A.B. asks: 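One structure coming up, written as structure tokens, with questions to follow.
As the structure is a computational prediction, the values presented were derived from the model and not from experiment. All chains are named by letter (A, B, ...) in the order of the sequence lines, taking the proteins before the strands, and each is independently numbered beginning at 1.
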Amino acid sequence: MLELLVGVCLLGAFVTFALPDEYASEAALGISLVPLAVSLYMYAVFDGVGNALLGGDPSFETQYAWLTLGRYDVTWHMGLDGISMPLVVLATLLTTLAILASWTPIDERQSQFYGLMLFMEASLVGVFGALDFLVWFVFWEAVLVPMYFLIGVWGGARRKYAAIKFFVYTNIASIVMFIGFFGLVFGLGDSIASLDLPAIAQALRAGELGGLGLLSASQVATLAFVAMFLGFAVKVPVVPFHTWLPDAHVEAPTPASVMLAGVLLKMGTYALLRYNFTMLPGIAQSLAVPIALLGVISIVYGALLALAQSDLKRIVAYSSVSSMGYVTLGLVAYTMYGTGGATFQMVAHGLISGLLFACVGVVYNTTHTRMVGDMSGLADRMPVTVGAFVAGGFAYMGLPLMAGFAGEFFVFVGTFGADFAGAPVFTSVGMFGIVIVAGYLLWSMQATLFGPFESATDYEVSPAAVHDVVPLLVLVVFIVALGTLPYDLAFDAILDATEPVLPTAGEVAATFGGGSP
Amino acid sequence: MAEITAFAPAIAVLPFVSFLVALFAGKYLPKKGALAGILAMGGSLVLSLLMLYTVATGHAHQSTLYTWVGGEAVPYELTFGILLDQLSTLMLVIVSLISFLVHVFSLGYMNDEDEGGLPRYYAELGLFSASMLGFVFADNLLMAFMFFELVGLCSYLLIGFWFREAGPPSAAKKAFLVTRFGDYFFLVGVVAVFATFGTAAFGGPGVEESFPHLAELALDGEASVNTFGFAPRTWFTIVGLLVLGGVMGKSAQFPFHTWLPDAMEGPTPVSALIHAATMVAAGVYLVARMYGFYALSPTALAVIAFVGGFTALFAATMGVVKREIKQVLAYSTISQYGYIMLALGGGGYVAGVFHLTTHAVFKALLFLGAGSVIIAMHHNENMWDMGGLKEEMPVTYYAFLSGSLALAGIVPFSGFWSKDEVLFETLIHGLGDSPLLLGAYAMGLLAVFFTGFYTFRMVLLTFHGEPRSDTARDPHGVRWKVKGPLAVLGALAAVAGVINLAPVAELTGAHIDFLHSWLFHGPEGLNGEHYEELLEGVAGYHAAYPLGETLTMLASAAVSLGLALAGAGLAVALYRGPEPVEHTDKLGALKTVLFNNYYQDEYQVWLAEGLTARVARAADTVDVSIVDGVVNFVSSLSLFTGDRLRRVQTGIVSNYAALLTLGLTLLLVAFGVMQGWFL
């Protein structure tokens, strides 16, 4: 089933590439509806149990021998558990909506643009579905290529710089992560015979990591943890590795921003959860304080940076840095609500940041400016878009009964009582993010959407086309649904998959967590 | 009989349906959604009364409606449920009654004045009522918080209703932001309650574990909860004060009061709703709702009382110099909620709820009365342009007068009885060895004088004397939709005191302190009697009657009535006559300070724009120059720099992709070779 999903996207990408420009947009939308429908069907029949890496029984699992690298078997191993299933739906949903949101702004080299979008969708599904390291890594790297081109070809004035910065930064991060991971593989020695992620995770949690050269096992574990953390932190991004993000967002065409903020950033936190926090819980717990500190800094510092901006896209971009800090904070808590809430927040933030970027895109398509000071009173001219913008703004601020509140509240309630030192203080300081985010979003909404209508650009401002507002309204519906029924729609499955991540005392000791409080 | 409670959720669902109807079908409906709203609120009112009756027959009720998060895995469930007891059903009746009247009044204020955007107006009004009603019957703190926030959202939307002007969106932003600052503390408090007790239930029939009860047990050493290294009493005080942040924000208590006067930018019927029964009432209602928790902490109670007493006085002094009728009313709201806080902190649970009730009636009346005046004055709100309206609009005048007498606390109008009880309760508990409470009492008492003064200054300037402008000479007429609600509320404001004539009961021995017995018969753990035990046993509150019980009560009533009359009398003496002059000008520099609200707005704007924005800009500078600078510096040492970068950039972009992918492949191969994969 997963192979079908990836295959349809890939095939669709090639078909779209080959089509002439005038058919590309409709064709891409039509094609993207297939993986969306398939993923929704998979969601409906999903029956995964437990955590895919920790002895659970994932749904849609397939495993075929693929190739052998020396002592290591590489298998085509795919499957979804409660963590990856919602993320796959998120990826397919946002791809379809981003394609629709591209209809207005993308007017050149359309078949290539839409082809790349579908190619990226295939890679994203692969990243969340893969259960073998090499398969996962191929998809992980494959995501970068279309995003690189989307920014570099269809981007704004400084697109080259932004695209290269994005590509180089994340690729160097990949190398660091790769080295770290192979440190673990080699450290495990004969206890594993493949690059199968479940096997590796279970071997590590069983304490089978050995030393490597001059390094003791605990040193290998620590170094590998740090290397992987750094690698993934760039993707999330965690402050201070975030500076590629605003550049990429500002230059990227809006649909690419929707994908970047909505799905690509989640690859980082997803990988943090799958690798660092699942495989080395002991190290993670002994490093809990510095990691929580980075999370809180991301939240507060990211929000302050957003406050200082006057470009709507930069504001939303820095907001993402802030919101992803909640995920980091939740992961480090190692409580049911913390780890589950962090996963839930990935989905929630994907929808909400996607909505807000899409709104900014519609505003930009119409006014051709994104600067807060250049316009006011848009509510008068484009009421539906503004309504969605306000809904997205309040979702970002964590309004109850919208998805963001659920995610944030789970994280807060899970982290406040967590075991690491100073957990209530970190949580309380991080929670102050909800005040700052309200400050800059209310300020920018007041300045641009309300008051007497004015525009510094000479374009006529009229209500957006139906295909522009449909993605916004669909996202609002999803956000409210997920915020009202979080447990029934996703959190139940998420908790089922994150529960095994919480380590037993033996697993903490086996993965070198000692001396933690 | 108990099954009637199955319909309780409809109390909030009906206005929610009217929200949907007005939003999606409002523009096709004859009154643009107003009728749906009126119908829904009428239904809610009837159901609320039924619930009140059900509770009165001894069927207090609690049930869980929906499990937001549940299951085996989580350490505690998060749920939505309803709690119908003496307090919540009383409040449900108040909220649905006021909201119903506001809907009717809006027909006259909005529809007849041909305002645009009516479907949006009625949709937001419906959502506002639904959120408040959901908040009122919430059976746990998390649900209360969620609806509390939705109330805040609706206030934002309604204050900013006229979004095409510059003022309303700004006021809406301020209201949300200031209350959000308070709600931050509230949310930390909610999280702390879960982390401490593992439940946020308020209690009620059939609830085995509620956080106030667990806290009580923990203080006695009979239950163990996680108090994060603090002594239980200290930790409960901290948690109580955190939740209090949200209360002070919504109920506009010092220093979070600054949003409320600005909120006058919204349509006047909305102001009535915000001030009397929803947004601002939500804060103090929460204190009453979890009184069993606050009663465990003398420190938290003292803070509540002191903030309340100070706010009562502080806001009343500002009301003295305002020019616009709604501004006077705004400061009176802040001041009156100060009294309610004073009562709750001073150990007067019944007095606080009593004043919440009477205030809801007379403040809704005064705002709707002001709305009627504003229609008549063609939306001019300046009292110095009014005068003489008494002759032109007698219904409005007499209703407004009734509300003013209640606000000023003149016997026998409703406000007298409740305010008197507030002061009396604080006084006797203060005399029982709590100098801090006596201080709070003194401020509250002094505020009575100012209240009498500003209230009657407002009445005289608006309705008496000669008309001072052309519009005042020829005011716009108002219709039954406006007069009807005024008449109902005018009558209620006059007589609502009968629900708790405590001094008369004391004198005659007749059991006519109905509210007292009502609240004392609540479910176990949620009734006045239990709170009194806690206040005495845990918080160490004692009542003292230096003149004996009866005489102390009479003396207290006499003093507060005397001050109210003195204030009102001074206003009448100064502003009587056909052409009053602004006597407060004689205050000189003091007037400037008062008129500028003690410069509270200035320092808060400085905190937001001067300080925070500056810090943000500094962070931005650091980010661009140092954090990103390091990144660019490192990359400038690498391959992709300077001339090479420029040269490569001119080439095909895919070079980079190829180059880096090649790099990774090489790395993989290198590992493979090292490990002998390919052998």
A.B. asks: My understanding is that only residues two or more places apart in sequence, or in another chain, count here; which of them pass ring pair (Phe, Tyr, Trp, His ring centres under 6.0 Å) with B:F185?
C.D. replies: B:F181
A.B. asks: Do A:F491 and B:W68 make a side-chain contact, defined as non-hydrogen atoms from C-beta onward lying under 4.5 Å apart?
C.D. replies: no
A.B. asks: Quick check on B:V622 against chain A: is it the side chain, the backbone, both or neither that has a heavy atom closer than 4.5 Å?
C.D. replies: both
A.B. asks: For each of B:A618, B:A73, B:A195, B:G167, tally heavy-atom pairs with chain A at distances under 4.5 Å, and name the one with the top tally.
C.D. replies: B:A73
A.B. asks: Quick one: do A:F394 and B:F176 satisfy side chain to side chain contact (heavy atoms under 4.5 Å, CB included)? Show the steps, please.
C.D. replies: CA-CA 11 Å; A:F394 276 92; B:F176 195 85; 3.5 Å; yes
A.B. asks: Could you tell me which portion of B:T612 (side chain, backbone, both or neither) has an atom closer than 4.5 angstrom to a non-hydrogen atom of chain A?
C.D. replies: both
A.B. asks: So which heavy atom on A:L399 is nearest to which on B:E149, and how close?
C.D. replies: CD1-O, 4.0 Å
A.B. asks: Determine the minimum heavy-atom distance between B:A166 and A:P452, stating which atoms define it.
C.D. replies: N-CD, 4.3 Å
A.B. asks: With only heavy atoms counted, which part of A:V411 is less than 4.5 Å from chain B, the side chain, the backbone, both or neither?
C.D. replies: neither
A.B. asks: If you define the side chain from C-beta out and look only at heavy atoms, does anything of A:F432 sit under 4.5 Å from B:Y184?
C.D. replies: yes
A.B. asks: Measure B:L78 against the heavy atoms of chain A and call it side chain, backbone, both or neither at under 4.5 Å.
C.D. replies: both
A.B. asks: So, for A:Q446 and B:P169, which heavy atoms are closest and what is the spacing to 0.1 Å?
C.D. replies: CG-CB, 3.8 Å
A.B. asks: Could you have a look at B:F80, B:F194, B:F148, B:F147 and say which one has the most heavy-atom pairs with chain A under 4.5 angstrom?
C.D. replies: B:F194
A.B. asks: Checking B:A172 against chain A: side chain, backbone, both or neither under 4.5 Å from a heavy atom?
C.D. replies: neither
A.B. asks: Could you go step by step and tell me if B:V627 and A:H242 meet the side chain to side chain contact (heavy atoms under 4.5 Å, CB included) rule?
C.D. replies: CA-CA 9 Å; B:V627 182; A:H242 63 283; 3.9 Å; yes
A.B. asks: Side chain from CB out, backbone as N, CA, C, O: work out which of these in B:T196 comes under 4.5 Å of a heavy atom of chain A, or both, or neither.
C.D. replies: neither
A.B. asks: Heavy-atom pairs under 4.5 Å with chain A are the metric here; pick the option from B:V190, B:V624, B:L150 that has the most.
C.D. replies: B:L150
A.B. asks: Using a 4.5 angstrom heavy-atom cutoff, name the option from B:G71, B:S170, B:P168 with the most pairs to chain A.
C.D. replies: B:S170
A.B. asks: Of all heavy-atom pairs between A:L304 and B:A616, which one has the smallest distance, and what is that distance?
C.D. replies: O-CB, 3.2 Å
A.B. asks: Would you say the side chain of B:V191 lies within less than 4.5 Å of the side chain of A:Y337, judging by non-hydrogen atoms?
C.D. replies: no
A.B. asks: Crowded around A:F453 CZ? As in, over 12 foreign heavy atoms under 6.0 Å?
C.D. replies: yes
A.B. asks: Who among A:A438, A:G377, A:P486 has the most heavy-atom pairs with chain B under 4.5 Å?
C.D. replies: A:P486
A.B. asks: Measure the CZ-CG distance between A:F409 and B:L187 for me, rounded to the nearest 0.5 Å.
C.D. replies: 6.5 Å
A.B. asks: Using a cut-off of under 4.5 Å for heavy-atom pairs, which of A:Y440, A:F412, A:F405 has the most such pairs with chain B?
C.D. replies: A:F405
A.B. asks: Distance check, rounded to the nearest 0.5 Å: B:T67 atom OG1 versus A:L485 atom CG?
C.D. replies: 12.0 Å
A.B. asks: Any non-hydrogen side-chain atom of B:L177 less than 4.5 Å from a side-chain atom of A:W443?
C.D. replies: no
A.B. asks: In terms of heavy-atom proximity below 4.5 Å to chain B, should A:A163 be classed as side chain, backbone, both, or neither?
C.D. replies: neither
A.B. asks: For the interface with chain B, which of A:D488, A:D247, A:D492 has the highest count of heavy-atom pairs at distances below 4.5 Å?
C.D. replies: A:D488
A.B. asks: Answer with side chain, backbone, both or neither: which region of A:M445 has an atom nearer than 4.5 Å to a non-hydrogen atom of chain B?
C.D. replies: side chain
A.B. asks: Could you pull out every donor-acceptor pair under 3.5 Å between side chains of residues 154-165 of chain B and any protein atom, sequence neighbours left out?
C.D. replies:
unit_1: B:S155; atom_1: OG; unit_2: B:V151; atom_2: O; d: 3.1
unit_1: B:W162; atom_1: NE1; unit_2: B:E115; atom_2: OE1; d: 3.0
unit_1: B:R164; atom_1: NE; unit_2: A:D380; atom_2: OD1; d: 2.4
unit_1: B:R164; atom_1: NH2; unit_2: A:D380; atom_2: OD1; d: 3.2

A.B. asks: So do B:R180 and A:L442 actually touch side chain to side chain, heavy atoms under 4.5 Å?
C.D. replies: no
A.B. asks: Side chain, backbone, both or neither: which part of B:D628 has an atom under 4.5 Å from a heavy atom of chain A?
C.D. replies: both
A.B. asks: Is there a side-chain contact between A:T484 and B:Y66 in this structure, where contact means two heavy atoms from C-beta onward sitting under 4.5 Å apart?
C.D. replies: no
A.B. asks: Quick check on the interface: out of B:V615, B:D623, B:V630, B:T621, who has the most heavy-atom pairs with chain A under 4.5 Å?
C.D. replies: B:D623
A.B. asks: May I ask you to test the B:V69-A:F410 pair for a side-chain heavy-atom distance under 4.5 Å?
C.D. replies: yes
A.B. asks: Given heavy-atom pairs under 4.5 angstrom as the criterion, report whether the side chain, backbone, both or neither of A:P240 touches chain B.
C.D. replies: both
A.B. asks: Taking the basic N atoms (NZ, or NE/NH1/NH2) and the acidic carboxylate oxygens, is any pair closer than 4.0 Å for A:R314 and B:D620?
C.D. replies: no
